[in-house]
Amino acid sequence: GPLSERPLLEVRLGELHTWMSTCDFSPQGLLGAVQKAWNSYYAKYINVRRGGPTGISMLLAGYCLLSYSWNYQHFKRHRWRKYH
Amino acid sequence: APAALRALPPPPVAVGVLHATRQLHTTQHSLAPLPPLPEKGGEVRHGLIPEEFFQFLYPKTGVTGPYMLGTGLVLYLLSKEIYVINHETVAAACILAVIIYGIKRFGPDVAAFADKLNEEKMAKALAVKNSAIEGFQKAIEEEKKEQWRVEGRSYLFDAKRNNVAMLLEANYRERLMMVYNEVKKRLDYQVALQTLKRQKEQDYMIQWVEKNVVQSITPQQQKESIAKCILDLKALSKGAHASV
């Protein structure tokens with residue numbers, strides 16, 4: 001299909017440039033993109049008949065990674081060695 | 001299919017996470033029956049990494065590719081101390097162990113319980129749907145019966161028409177009888193009147209004739225007639241004497 005309507009995972013690396021140009025970077029556009037992303041995740045991993053721990057465990061793991069990256073400067077001070 | 005699911009209206013972000021409900025019937029698709037939920041979610045390996053990642057790396061690196069990538073990444077993060085080991089690491093390890101043990105031990109029971117709840121909901125909805133269908137079928141049968149009954153309308157109206165005609169006829173004859181009686185009474189009256197008059201005239205005339213006759217008998221005539229009668233009697237007695 002046309003470039004602007006393909007989901008991000010199906011965009012090839014060479015076309016990423018043009019894909020970014022078709023993006024809508026206004027607040028509504030960003031919000032819409034976030035909502036679409038959440039909906040596809042929700043529909044695929046959470047809103048199923050026989051789900052399991054997978055749905056939220058991935059969310060929690062992502063949250064752990066994010067919070068570690070936000071506090072990276074603080075962790076840097078507690079390194080065991082100075083030179084790596 | 002995910003494409004069909006993506007075409008559906010999006011749920012609000014604030015909706016709860018596990019087995020949450022969607023907002024139904026809010027768009028122009030609301031009149032069509034919704035597609036059923038998928039049985040299982042997307043495949044995930046070790047509970048964290050989607051299967052698509054392994055499939056993505058399979059053509060180039062085979063089965064062990066992602067694992068090698070994972071090991072290399074972990075070693076790199078540890079050796080460069082991009083991931084720092086501190087007390088939180090120990091805590092995270094303990095928590096993870098407990099969580100994994102809990103899931104492995106209680107997972108199937110919780111899943112069975114949730115499935116039972118779902119089954120009950122579905123059974124209730126199905127029961128409602130079936131009873132509604134039965135009710136409608138019964139209504140259809142009764143409607144057909146009513147339509148059949150309507151065909152007998154003509155007989156009903158014929159009977160009613162007959163009744164009305166009979167009432168009218170009876171009424172007409174009653175009135176005819178009444179008219180006849182009334183007329184007869186009046187005629188009888190006239191006839192009785194005439195008879196009475198005739199009778200009275202007759203009586204009166206007889207009386208008048210008698211009165212006049214009695215008046216016309218003068219005393220002299222009376223005497224003459226008495227003497228004649230005596231003479232006759234004598235003659236008669238003589239004749240009787242002779243015969244005896």
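Numbered from 1 within each chain, the chains take letters A, B, ... in sequence-line order.
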Count the heavy-atom pairs under 4.5 Å between each of A:Arg79, A:Arg81, A:His78 and chain B, then report the option with the highest count. A:Arg79

Gap between atom OG of A:Ser57 and atom CD1 of B:Ile103 - 0.5 Å precision: 7.0 Å

Check whether more than 12 heavy atoms from other residues, nucleotides or ligands sit under 6.0 Å from atom OH of B:Tyr155, and answer yes or no. no

Establish, yes or no, whether a centroid distance under 6.0 Å links the rings of A:Tyr68 and B:Tyr83. yes

Using a cut-off of 6.0 Å, state whether more than 12 heavy atoms not belonging to B:Phe56 lie near its atom CZ. no

In short, A:Tyr72 meets B:Ile82 closest at the heavy-atom pair CE1-O, 3.2 Å

Supply the atom-to-atom distance B:Glu88 CD to A:Cys64 SG, rounded to the nearest 0.5 angstrom. 10.0 Å

Restricting to non-hydrogen atoms, name the atom on A:Met58 and the atom on B:Gly47 that form the minimum distance, rounded to 0.1 Å. CG-O, 4.1 Å

For residues B:Glu39 and A:Arg49, report the shortest heavy-atom separation together with the two atoms involved. OE2-NH1, 2.9 Å

Other residues, nucleotides and ligands only: do more than 12 of their heavy atoms fall within 6.0 Å of NE2 on A:His84? yes

Looking at every non-hydrogen atom in both residues, tell me the closest pair between B:Val84 and A:Phe75 and how far apart they are. CG2-O, 3.6 Å

Of all heavy-atom pairs between B:Leu48 and A:Ala61, which one has the smallest distance, and what is that distance? CD2-CB, 3.5 Å

Which atoms form the tightest heavy-atom contact between B:Leu37 and A:Asn47, and what is the distance? CD2-O, 3.4 Å

salt_bridge(B:Glu81, A:Lys82) N-O dist < 4.0 Å: no

